[in-house]
Each structure stands twice: as structure tokens, then as C-alpha cells.
Amino acid sequence: MSLHVAIIMDGNGRWAQRRGMPRSVGHIHGAKAVNGIVEAAADSGIRTLTLYAFSSDNWGRPNIEVEALMRLLQRYLTTETRQCIEKSIRINVIGRRDRLRQSLVRAIEQSERLTAGCSRMHLRIAIDYSSQHSILEAVRRAPRDGGLSVEEFEGLLAHVDHSVPDTGAVDLLIRTGGEQRLSDFLLWDCAYAELYFTDRLWPDFGEPELQAALKLITVYRRSPMLGLADLRRIDVCAPGVITATTAQGSKPAARSRWIASSNESARIAWFASSSTRRTLSRPKPASSAALSTEL
Ligand code: FPP
């Protein structure tokens, strides 16, 4: 699956507070969730994974929390680089570096240098990142004659962001923690991204949740095959249960419920709201347990 997936990892603070612990403990558990997701993403064949670890707005948090996050990020880079080399994962930290402490900048540069030859997956970690800042900065550096192509602008953006060039657009943006907004993250890159929002708090986001989110993009990519060429919108109600909204001619959008098994090679059934049933046979039949008939 040659996808670029980006994640806004929200909910660490609430996760800790609900357990009567300081917010920084939530970030520690958030870092553990990062390990699990990086592994699961690489195993799923994701080409690029971009994680929003520290937004430029996050400087406004209490000093003690900023300090804890900076230490955690530096520790992650110094301890996980070896693992990444073993798994052939290339690390790239995007965002501003002029406001980061020198020891963190050195850790970033070392991780990037040591993993530069890795090719299985590209892991981008956004630190002191703000899309608006990057876009403005790229515009400031653009030639004054106005003759700038999209590719040239993206080259400038990559340069401003310290990003590996030609990373490609985001296919799927995931946000945990219940909020439904982009928070100044990859605004240019997400122009055509599918958006997936979940109430799950980041420390509780694991492989099954990633697979549920990936199903969204799988459905979109397969939609013409499923007879959903006029697909307008998909909502994932629960892992494996997906509601598709289609526009039929000039009529208002009709809602259809589409239910897929978690098995990639499974039979896929689509139940239209008119109760017309369409079944698509895949090479391997699904086990009956894999297909839900909830309607
Ligand atoms: C937002 O949750 C999360 C952050 C500001 C930090 C994200 C950092 C990590 C997941 C850990 C370190 C990252 C890496 C790559 C090792 P929040 O604290 O705002 O949650 P809240 O909305 O519940 O307050």
C-alpha cells in the first residue's frame, strides 16, 4: 500500500488526567503508542508516515510540559534510530529548527544522517511545525517574477520545512482525541487527503485503529469497482462498518450502508438504501463471521 498517512496525535493530556496523572505522563504513553504505530505502519506497507509531535502553537504550553516534550522527543530520536536502521525506516524531522535547543538539533541531524539510506518506510516527525509559517516563508523565498510552478513551490516548501524533497501529498489524515480540525498541519499536502477523525485518545490508538482508518482509503480507492462512482462521503461508524453517501443524479444524496470485513481478500457486500443488494466476489470468500448484516 503506497500511501502517505499523517497523524495528529491528540489526547495525551486527557488520557493522563482521566487517570489522575500529570499531562507529561500522557506524553510518555503517547510516545509508546508512536512505537506501536510506526511498526504497524511499516508492516502495512505505508510509504510515508508523518506524525505531528509538536506544533509551533505548543510553545504556548506551560514550561514544564514543553520541557518534558522536548526531552521526550530527543530521547525518542536517540533511542529509536538504531531500531529504525534495523527496520530500514528513514527518519526526517520537519519544521523549524532555529528555536530548538542545540542538543535536539544535533539528535535530529544524527538520526537523519544515519537513516538516510533506509527505504522501507519514511517516518517524518513534525517538531515546531506550522503550515502557515512554512507557506509564508516559501512565498517570501519565491522569485518575484511570479513564474512559479506547483513543483517549484513544493520544492521551496520542502526546503523551508527541512523535508526530504518529493515526499508526495498526504493520502489519509488521521486525528485522534475527538476534535475535527487540521490545527495548521500539512495544509498544502492535505489538499486532497481523506480525513479520518476518531474519539480515541492517542495513547489508546493502536494497530486495530490504524487498520480501521486505512479501510477508509481502501474503500475510496475501490469505490468505482463497487459501483460507487458517485461516492461523495464515507463515515466509519466502527471498525469495519462504513456508511457511504452517494449522489444519484440530481436527487439529494442517498445514504447507503456498506459493510466490509477486516480481511483484505474477503467478499465485499454493499447494501443500498433501496435495499438493492450488490455483492462483489473477491478471490477468497469471507468467513461468514467477517460479514456483518447490520442494517
Ligand atoms: C496533543 O495531545 C499531543 C501533543 C502536543 C504531543 C504529541 C507527542 C507525543 C505523542 C509523544 C512524543 C512524540 C514522539 C514522536 C516520540 P494533548 O496533550 O494536547 O492532549 P489533550 O487534548 O488531551 O490535552
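Read the numbers this way: they start at 1 and go in the same order the structure lists the ligands and their atoms. Since the structure is predicted, the reported quantities are computational estimates derived from the model, not experimental observations.
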Got an N/O contact under 3.5 Å between Asn58 and ligand 1?
-> no
For His27, counting its heavy atoms only, list the atoms of ligand 1 lying under 4.0 Å from any of them.
-> 4 (C), 6 (C), 11 (C), 18 (O)
Side-chain heavy atoms of Ile174 within contact of Met9, under 4.5 Å | no
Under 4.0 Å between a Lys/Arg side-chain N and an Asp/Glu carboxylate O for Arg61 and Asp57?
-> no
Tell me, with the steps shown, if Glu137 and Arg140 meet salt bridge (charged side-chain N to carboxylate O under 4.0 Å, His left out).
-> CA-CA 5 Å; Glu137 201 51 44; Arg140 279 195 198 105; 2.9 Å; yes
Please confirm whether Glu65 comes within less than 3.5 Å of ligand 1 when only nitrogen or oxygen atoms on both sides are compared.
-> no
Any salt bridge (Lys or Arg N to Asp or Glu O under 4.0 Å) involving residues 205-214? Give me the pairs, sequence neighbours left out, ordered by first then second residue.
-> Arg200-Glu209
From OG (Ser131) to CD1 (Ile94), nearest 0.5 Å = 8.0 Å
Do NZ/NE/NH1/NH2 and the carboxylate oxygens of Glu86 and Arg82 come within less than 4.0 Å?
-> no
Can you list the ligand 1 atoms lying under 4.0 Å from a non-hydrogen atom of Tyr76?
-> 16 (C)
Give the numbers and elements of all ligand 1 atoms closer than 4.0 Å to a heavy atom of Arg14.
-> 21 (P), 22 (O), 23 (O)
Are any of the heavy atoms in Ala31 under 4.0 Å away from ligand 1?
-> yes
of all protein heavy atoms, closest to atom 19 (O) of ligand 1 is Arg61 NH2, 2.7 Å
When you check the gap from the basic side-chain N to the acidic O, do Arg175 and Glu179 get nearer than 4.0 Å?
-> no
Can an N or O of Gly13 be found at a distance shorter than 3.5 Å from an N or O of ligand 1?
-> yes
Please confirm whether Ala53 comes under 4.0 Å of ligand 1, counting heavy atoms of the residue only.
-> yes
So is Gly11 polar-close to ligand 1, meaning N/O to N/O under 3.5 Å?
-> yes
Hey, is ligand 1 close enough to Tyr52 that some N/O pair sits below 3.5 Å?
-> no
One should read off an interatomic distance between Ile125 CD1 and Glu80 CD, to the nearest 0.5 angstrom, of 9.5 Å
Any heavy atom of Glu179 under 4.0 Å from ligand 1? The part involved is neither
Counting only heavy atoms not in Gln132, do more than 12 fall under 6.0 Å of its CD?
-> no
Calculate, to the nearest 0.5 Å, the distance between atoms CD1 and OH belonging to Ile127 and Tyr52 respectively.
-> 12.0 Å
Proximity winner for atom 13 (C) of ligand 1, if only heavy atoms of Leu73, Leu69, Val93 are counted = Leu73
Run the numbers for me: atoms of ligand 1, each under 4.0 Å from some heavy atom of Met9, listed by number.
-> 1 (C), 2 (O), 3 (C), 10 (C)
Report the part of Trp202 (side chain from C-beta onward, or backbone N, CA, C, O) that has a heavy atom under 4.0 Å from ligand 1; answer both or neither where that applies.
-> side chain
Does the distance from a Lys or Arg side-chain N to an Asp or Glu carboxylate O, for Glu39 and Lys87, drop under 4.0 Å?
-> yes
Close N or O approach (Asp10, ligand 1; < 3.5 Å) | yes
Is the closest N or O pair between Asn12 and ligand 1 shorter than 3.5 Å?
-> yes
Of the side chain and backbone of Arg75, name the one, both, or neither that has a heavy atom under 4.0 Å from an atom of ligand 1.
-> neither
